[in-house]
Amino acid sequence: MKYGYFDDLAREYVITRPDTPLPWINYLGSDGFFSLVSNTGGGYSFYKDAKLRRITRFRYNNVPADEGGRLFYICDKDTVWSPAYRPVRTPLDQYRCRHGLGYTVFEGKKNGVSASLTVTVPMHCDMEVQKLVIRNDSKEEKTLSVYGGAEWCLWNAVDDSTNFQRNWNIGEVEVEGGTVYHKTEYRERRNHYAFYSVNAPADGFDTNRDAFLGQFRGWNEPLAVEKRTSFGSIAAGWAPVAVLRVDLTLLPGESRTLLFRLGYAENPEEKKFTALNVINKEKAHAMLAAFETEAQFDAALKELRAYWEGLLSRFTVKSSEEKLDRMVNIWNQYQCMVTFNMSRSASYYESGTGRGMGFRDSCQDLLGFVHLIPERARERILDIASIQFADGSTYHQYQPLTKRGNADVGSGFNDDPLWLIACTCAYIRETGDFSILDEPTPFNNEAGTEVPLLEHLRRSAGYTISHRGPHGLPLIGRADWNDCLNLNCFSREPGESFQTCSNFESGKAESVFIAGMFVKYGQEYADLCERIGLKEEAAAVRLAVSDMEKAVLAHGWDGEWFRRAYDAFERPIGSRQNEEGQIFIEPQGFCVMAGIGGPDYGRKALRSAEERLGNEFGIELLAPCYTEYHDYLGEISSYPPGYKENGSVFCHNNPWITLAWCKVRDGNAAFDLYRRNAPAYIEDKSEIHRTEPYCYSQTIAGRAARTYGEAKNSWLTGTAAWSFAAVSQGILGVRPDYDGLTVDPCLPDFMDGCRISRLFRGTRYEITVRRGDDKGLTADGKKLDGCTIPLTDAPVCSVLVTI
Ligand code: BGC
Ligand code: NOJ
């Protein structure tokens, strides 16, 4: 079942009923001011940091779900309704929510009045602007009252939801014309304020939530709205809000546009006040003046559209598969940008208050956006590398504001260092910018420790080489990619972190997955060394890679598939010798991508993965699922069977299998897996899948779960980047390379070909892929050997690939 449809031309997903199985959200903003907006107008805003500068409040586990957000009320005689359906929940004559790239439009109709509400965060602007167009479609004059509102968060989102003995005393606002200013703690140490404003004389306002709502009422039935009035309340402590009322009279056919603006501004210490404790509002005035008219708003929306059009035009495909095209051209790349902006911080599942930026997450996200914003990718790589330690290990996370490693979580996730090689090589292949390798980059952010970035990569490789266990395989540490496979932690204390508790340092548990990573990225590092003239180093690394390959073949191969690990007692994990957890997905993906054992082992491993782990939504993480908790395995066995790392389809690693199928040149199998969890392909199973049909989720419950097929944790997942890598570099086969662009498609038999447009190092490659006997590649009419088109200065290069 569907709850809407894709409008590919407009690059929108159009939701046609408000009762989607879960809130289906969108992201606004790309600089400092960010908003999340659901298909019924819910969500929250923050400035840069979702914990420390939360602007509006959100309750993640509220009942009813998704309350708050954009609070609009239209009073028409006795009927009160909201253009986005919520908060009032009056059934509408028409409801539509159009999620576009960086904006969302709600179109509601009721009793002959239509309201179109467009919300966006304009570029270079710390403000969400909400354009509300109200039109009288009836034959009689309408007298309406319109309310727009927001509930303030007292800045620190954690404090705001815990420290009530203080919070209920500190809320403060100012009101000036049609603008409410939120200034809690501004009198003392804060230098920032927020504001909510309408571009028309307000006929009334409220700033005290309890006065506006009245006792025992929720946002769906505020007392002020019921009485069609405003109380002019001024918040003193408790919960400050901003609600503005505008009364309108509309003749038949007449319409009126209102701009509501939710902004954030900072003042220098010496310019905070204009009188005792009165905010200096200069900045807000200027920001509001920039969005006073509809024309200004429309121009900003146009600029935003042009920005996205520019970004997305860097990679497009046209094929017979419209679902493939819409994933590649629009939604997958859009999600990659959202993961760039948000990392894992703020979604409807990530509260924005916990995890900082993950080392491995950030490195992998980069694989999905490096072609879109290479300059930002450069900066990101250097930030990430700066939290590495001198021995090559690294902090697992860092805080985006301070860019400092997070000491609570510490280090010891032994896959982390190798991801730095993966993303740096991807960056150089995309941009040709070898100079990044010379960039002085500190260890643990300590001034004076700077070494060229290349040295960081060297230490990454070195760390794996020098930390190996009894079978010559890499030591796993606290965990590898699978955060929940904790073979050295042995936690028995409820609530204790599975990763950081440590009461059993075996120094023995090993990871076949990291071995696969090392073979793949070790080779990449050796290639890089060779390119920059470090021949001896390249040879030494190749030797280590080949040793590792041997160790995997000797101790990591189980007969039909690759094993997963060895535990602290040197027993295999992910082997037929185990009762549960006999096979895991991760090593099948990485060892095959790395080419370990060649295509024969590869095919065998992938077939085993399909047979034992395959379901209609993809490849499950492991089977059989663990039915009991084992302290020697850790968090993985804490999840009920079929959920999360214990046997769901953990979408992040499915693209590894897709890429592995491409590696063994099976385009049918690769595509078959790709389409099983590409959101657009499962749109018509939305009642089962439940999360948004336009973005990937982290996990889809496996067959062992009670809710098989149900996805969770949409948006902020490494699935976005890896899925884009799988489809663009594997299936479509367009791979940036040091010396040129490789085009080596691996299409399923049913596809006759496709057209791809790819901007690479300043040249636009217009690629036609077709089937035919005359196999090979021609670039600008010239037949080439192999499938890499050498770099060119030409602005356009036209490529024909016959497969
Ligand atoms: C989750 C993992 C996550 C980890 C981070 C676990 O509970 O299942 O997906 O990476 O926490 O600490
Ligand atoms: C989510 C984490 O963000 C990611 O780093 C990890 O690899 C997966 N969970 C698997 O545990």
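Only a predicted model underlies this, so the values are computations on that prediction, with no experimental measurement involved. Counting starts at 1 for both ligands and their atoms, following the listed order.
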(request) Measure from the ring center of Trp715 to the ring center of Trp24 and say whether it is less than 6.0 Å. (result) no
(request) Quick one: pull up SG in Cys695 and OH in Tyr334 and give me the separation to the nearest 0.5 Å. (result) 10.0 Å
(request) From atom 2 (C) of ligand 2, work out which of Asp483, Thr717, Asn653 has a heavy atom at the shortest distance. (result) Asp483
(message) Between Phe389 and Tyr395, is the ring centroid distance below 6.0 Å?
(response) yes
(message) Less than 6.0 angstrom separating the ring centers of Phe369 and Phe724, yes or no?
(response) no
(request) Below 4.0 angstrom from a heavy atom of Gln698, which ligand 2 atoms are there? Numbered from 1 as shown, please. (result) 1 (C), 9 (N)
(message) What I want to know is whether Glu645 and ligand 2 share at least one N or O pair that is separated by under 3.5 angstrom.
(response) yes
